[in-house]
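Single-structure report; data block below.
These numbers come from a predicted model, not from an experiment. Each residue takes its place number in the sequence, starting with 1.
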Amino acid sequence: MQVMISSMARGQFHLDPATYLAAVRAEVPAYDEFQDAVAEAAACVAVRRVLELGIGTGETAHRVLQRQPSARLVAIDASTEMVRLASQAFPEADVRVGRIQDPLPEGPYDLVVSALAVHHLPSEEKADLFSRVAECLRGGGRFVLGDIVVPERPEDATTPIEPGVDLPDRLVDQLEWLTAAGFAPRVAWKKADLAVIAAARSPA
């Protein structure tokens with residue numbers, strides 16, 4: 001979870017685990033409802049190995065592992081502070097410093113999940129990431145993507161973003177890129193400018 005919105009983009013919350021979660025909740029009023037929707041979308045597949053892209057404080061991982069208690073977690077985050085925190089919270093997990101633009105930890109995985117991280121990528125890098133996620137998933141696996149999107153109605157743009165840091169795209173475009181990468185995506189949840197996509201990979 002690498003969200004850096006509004007004042008967080010300037011760094012005072014992004015690397016401070018003590019204040020980060022409260023800051024996100026202040027900026028994203030539907031945060032807990034959104035996180036629960038991500039976890040619910042991840043609960044509909046049997047999971048032995050799960051990869052999280054942008055683990056942050058571990059809020060998504062906690063919810064996912066509550067529903068998938070036997071899953072082994074592998075996770076990356078660009079922040080060394082967040083990786084330290086997540087490693088303490090999940091001592092049995094493999095948590096690494098890493099960027100989602102770089103090669104992903106070797107699979108295969110049954111589930112890949114990401115919440116509030118992918119919107120930092122420009123459009124072409126999002127499409128590339130979706131292809132790389134498909135390559136590391138088992139046939140029949142699932143990619144659950146929860147993130148900020150450009151809404152159809154301007155009045156639904158309720159999440160403050162920082163130009164040049166937050167780069168959301170339209171939901172319809174991301175569904176097209178996921179389909180092109182070999183997924184069968186569906187919108188599992190949507191509220192204002194937040195959306196959760198459950199994307200199933202075709203069986204091998």
Side-chain angles (χ1 to χ4, degrees), residues 1-43 47-107 109-121 125-126 129 132-133 136 142-148 159-162 165-168 194 196:
M1 181 180 61
Q2 299 174 326
V3 63
M4 292 187 294
I5 51 183
S6 186
S7 60
M8 286 187 286
R10 294 188 288 275
Q12 57 262 53
F13 298 119
H14 179 53
L15 299 181
D16 186 352
T19 57
Y20 180 83
L21 186 56
V24 174
R25 284 194 169 106
E27 299 275 9
V28 187
Y31 176 77
D32 287 295
E33 182 182 353
F34 163 81
Q35 286 284 8
D36 284 338
V38 170
E40 283 301 318
V47 177
R48 289 167 290 176
R49 295 186 78 212
V50 53
L51 171 65
E52 182 172 4
L53 307 178
I55 190 170
T57 59
E59 287 298 306
T60 306
H62 277 300
R63 287 170 166 83
V64 170
L65 293 178
Q66 283 177 350
R67 294 162 174 82
Q68 302 282 0
S70 62
R72 182 173 184 271
L73 174 66
V74 179
I76 61 172
D77 199 284
S79 165
T80 56
E81 287 297 312
M82 294 300 184
V83 167
R84 180 185 59 79
L85 179 71
S87 296
Q88 294 172 352
F90 304 99
E92 302 300 320
D94 178 357
V95 185
R96 317 175 189 180
V97 176
R99 305 187 316 151
I100 57 178
Q101 300 96 320
D102 296 332
L104 301 177
E106 185 175 359
Y109 300 96
D110 306 291
L111 172 69
V112 177
V113 63
S114 183
L116 298 175
V118 173
H119 73 274
H120 293 302
L121 301 180
E125 292 186 10
K126 289 185 181 76
L129 173 65
R132 291 186 288 115
V133 168
C136 74
R142 178 173 293 195
F143 177 32
V144 176
L145 173 64
D147 220 325
I148 305 166
T159 304
I161 63 172
E162 186 77 8
V165 176
D166 301 299
L167 306 170
L194 296 174
V196 175

Hey, does the side chain of Asp77 reach the backbone of Ile55 with a donor-acceptor pair shorter than 3.5 angstrom?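 Such a contact is found between Asp77 side chain and Ile55 backbone.
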
Distance (rounded to the nearest 0.5 Å) between [X] [atom1] and [Y] [atom2]:
X: Arg132; Y: Gln101; atom1: CZ; atom2: CD; result: 8.0 Å
X: Ile76; Y: Met82; atom1: CD1; atom2: CE; result: 14.5 Å
X: Glu92; Y: Leu65; atom1: CD; atom2: CG; result: 11.5 Å

Heavy-atom pair with the smallest gap, counting every atom of [X] and [Y]:
X: Gln68; Y: Ala42; result: NE2-O, 3.1 Å
X: Gly56; Y: Ala86; result: O-CB, 4.1 Å
X: Gly146; Y: Phe34; result: C-CZ, 3.4 Å
X: Leu51; Y: Cys136; result: CD2-SG, 4.4 Å
X: Ala78; Y: Arg99; result: CB-CG, 4.4 Å

Polar contact flag, side-chain donor to acceptor under 3.5 angstrom, Thr159-Glu27: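 No, no side-chain donor-acceptor contact under 3.5 Å.
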
Mind checking what makes side-chain contact (heavy atoms from CB on, under 4.5 Å) contact with Arg67, not counting sequence neighbours?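 Scan of Arg67 (side-chain contact (heavy atoms from CB on, under 4.5 Å), adjacent residues dropped) gives Asp36, Ala39, Glu40, Ala43, Arg63.
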
Of all residues at least two apart in sequence or in a different chain, which pass the side-chain contact (heavy atoms from CB on, under 4.5 Å) check with Ala37?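 Result, side-chain contact (heavy atoms from CB on, under 4.5 Å) vs Ala37: Trp189, Val196.
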
So do [Y] and [X] actually touch side chain to side chain, heavy atoms under 4.5 Å?
X: Val64; Y: Leu111; result: yes
X: Asp166; Y: His120; result: yes
X: Thr60; Y: Glu52; result: yes
X: Leu53; Y: Leu129; result: yes
X: Tyr109; Y: Leu104; result: no
X: Ile148; Y: Leu194; result: yes
X: Ile100; Y: Ser114; result: no

For Arg72, which of Asp94, Val47, Val50 qualifies under side-chain contact (heavy atoms from CB on, under 4.5 Å)?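 Exactly one option meets the side-chain contact (heavy atoms from CB on, under 4.5 Å) with Arg72, and it is Asp94.
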
